[in-house]
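Read through the structure below, which is laid out as structure tokens, and then see the notes.
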Amino acid sequence: MDIRVDLRSDTVTKPSPEMRKAMYEAEVGDDVYGDDPTVNQLQEKAAEMLGKEAGLFVASGTQGNLVSVLSHAGRGDEIILGDQCHIFNSEAGGVSVLGGVVMYPIATDGEGFLDPELIHGAVKPRDYHKPPTKLLCIENTHNASSGRALTPEATSAMADAAREHNLRIHLDGARLFNAAVAQEIPVSDLTAPVDTATFCLSKGLSCPVGSVLVGDADFIEEAGRWRKILGAGMRQIGIVAAAGIVALDSMIDRMSEDHVNAKKLAEGLAELPGIELEPSLVETNIVRFGVPTGSGDRIAALLMDQSVQINGGGSDLRMVTHYGIDSEDIDFTLIAMKDVMAQVS
Ligand SMILES: Cc1ncc(COP(=O)(O)O)c(C=O)c1O
């Protein structure tokens with residue numbers, strides 16, 4: 001069946017006509033030699049926007065986080081991160097598998113914030129029984145907390161705690177531009193307190209591939225070495241990077257539409273029987289909600305019959321708005337959900 005509304009993730013977005021044109025026309029070179037002018041332009045532009053010295057184009061958000069952690073911490077070192085974060089839960093333990101890095105998760109407060117007291121308590125004393133703590137990882141927006149956007153103040157509070165122990169700070173900003181747009185602030189306000197940050201081009205920014213990692217020049221040089229080790233030194237990759245430049249020029253401001261649509265979706269869903277959801281907590285493009293125990297897969301299957309696609313689950317479901325979703329799609333989804341929830345509640 002044809003799917004009319006795909007709310008599984010903002011990763012399902014397809015490149016805009018302008019991106020396809022830019023990709024077709026992109027000037028390219030061998031990026032392993034640093035010769036690709038389009039990649040260089042994207043990296044410089046991203047670094048400037050995020051207020052850092054340099055940038056590195058990587059294949060995915062997972063790769064950006066992996067390269068970053070491996071550049072900050074070595075075998076037997078420890079990193080502190082939230083127990084609900086993507087690096088800990090959804091990146092197949094890559095930093096431990098490939099880098100021998102120990103992950104030490106601490107509780108997240110439901111908004112993606114890590115209490116500074118917990119950060120202080122997690123740092124290991126100098127003791128050869130313990131792995132040396134090197135890095136704090138934070139995430140903005142926080143995927144598991146319904147896309148909550150951390151403020152610059154919250155970011156600074158966590159970073160300040162980490163700096164007291166000479167830790168470095170990495171920000172997984174897969175959806176960082178959503179956080180900036182939601183707060184109507186420059187994205188650099190959210191990266192100023194951290195040492196390094198990644199953001200994804202292939203989520204709300206709608207590019208087909210890629211993420212960018214930023215930091216100081218020495219860090220980016222080391223990150224380039226790790227990217228090579230991971231087999232991701234890419235050649236005429238300007239063809240893909242070209243879409244990223246278009247995205248940074250033209251796809252950021254429009255994210256506010258995704259946020260309006262997510263809010264409308266949340267408000268509509270909250271009225272339906274069997275759904276647990278607090279619409280005021282939806283700040284960006286992710287809507288998470290509770291459904292009757294164990295009914296998630298059935299809801300997803302019934303929605304599919306109505307041409308609306310979401311990921312299944314147990315008792316928690318997620319819908320994500322994006323470039324491919326308009327206000328009428330939200331109306332369509334709410335009508336379908338009303339019918340589906342009448343069947344399962
Ligand atoms: C917060 C967060 N970080 C990292 C990633 C990984 O991105 P990718 O799927 O490009 O590897 C995701 C993907 O959804 C994410 O939500």
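For the numbers below, each heavy atom of this structure counts, side chains included, while hydrogens, waters and symmetry mates do not. Whatever order the structure lists ligands and atoms in, that order sets their numbers, starting from 1.
Considering backbone and side-chain N/O of Asn143, one or more are found under 3.5 Å from N/O of ligand 1. Between Thr141 and ligand 1, no N or O atom pair is found at a separation short of 3.5 Å. Residue Lys203 places at least one N or O, backbone or side chain, under 3.5 Å from an N or O of ligand 1. At least one N or O atom of Arg175 sits closer than 3.5 Å to an N or O atom of ligand 1.
Nearest non-hydrogen protein atom to atom 15 (C) of ligand 1 is His86 CD2, 3.2 Å. What sits closest to atom 3 (N) of ligand 1 on the protein, heavy atoms only, is Asp172 OD2, 2.7 Å.
Counting atoms of ligand 1 from 1 in the listed order, those under 4.0 Å from a heavy atom of Gly61 are 6 (C), 7 (O), 8 (P), 10 (O), 11 (O). The ligand atoms of ligand 1 that sit less than 4.0 angstrom from a heavy atom of Ser60 are 10 (O), 11 (O). The contact set between ligand 1 and Glu139, taken as ligand atoms under 4.0 Å from a residue heavy atom, comprises 1 (C).
Across all non-hydrogen atoms, the minimal contact from Arg288 to Ser146 is N-OG, 3.1 Å. Scanning both residues, Leu150 and Asn140, for their nearest heavy atoms gives N-OD1, 2.8 Å. Nearest heavy-atom pair, Tyr323 versus Arg254, reported as atom, atom and distance to 0.1 Å: CA-NH2, 3.4 Å.
Within the 4.0 Å heavy-atom criterion, the part of Ala174 lying near ligand 1 is the side chain and not the backbone. In Thr62, the parts holding a heavy atom less than 4.0 Å from any atom of ligand 1 are both the side chain and the backbone.
At a threshold of 4.0 Å, the pair Glu222-Arg225 counts as salt-bridged, since one of the basic side-chain nitrogens sits closer than that to a carboxylate oxygen.
Side chains of Thr38 and Glu27: no donor on one and acceptor on the other come within 3.5 Å. Side-chain N/O atoms of Asp83 and Thr108 include a donor and acceptor closer than 3.5 Å.
Using a distance-only test at 3.5 Å, with no hydrogens or angles considered, no donor-acceptor pair links the side chain of Lys203 to the main chain of Leu201.
Atoms OG1 and CG, on Thr141 and Leu176 in that order, are 8.5 Å from each other to the nearest 0.5 Å.
Using a 4.0 Å cutoff on heavy atoms, Glu91 counts as a contact of ligand 1.
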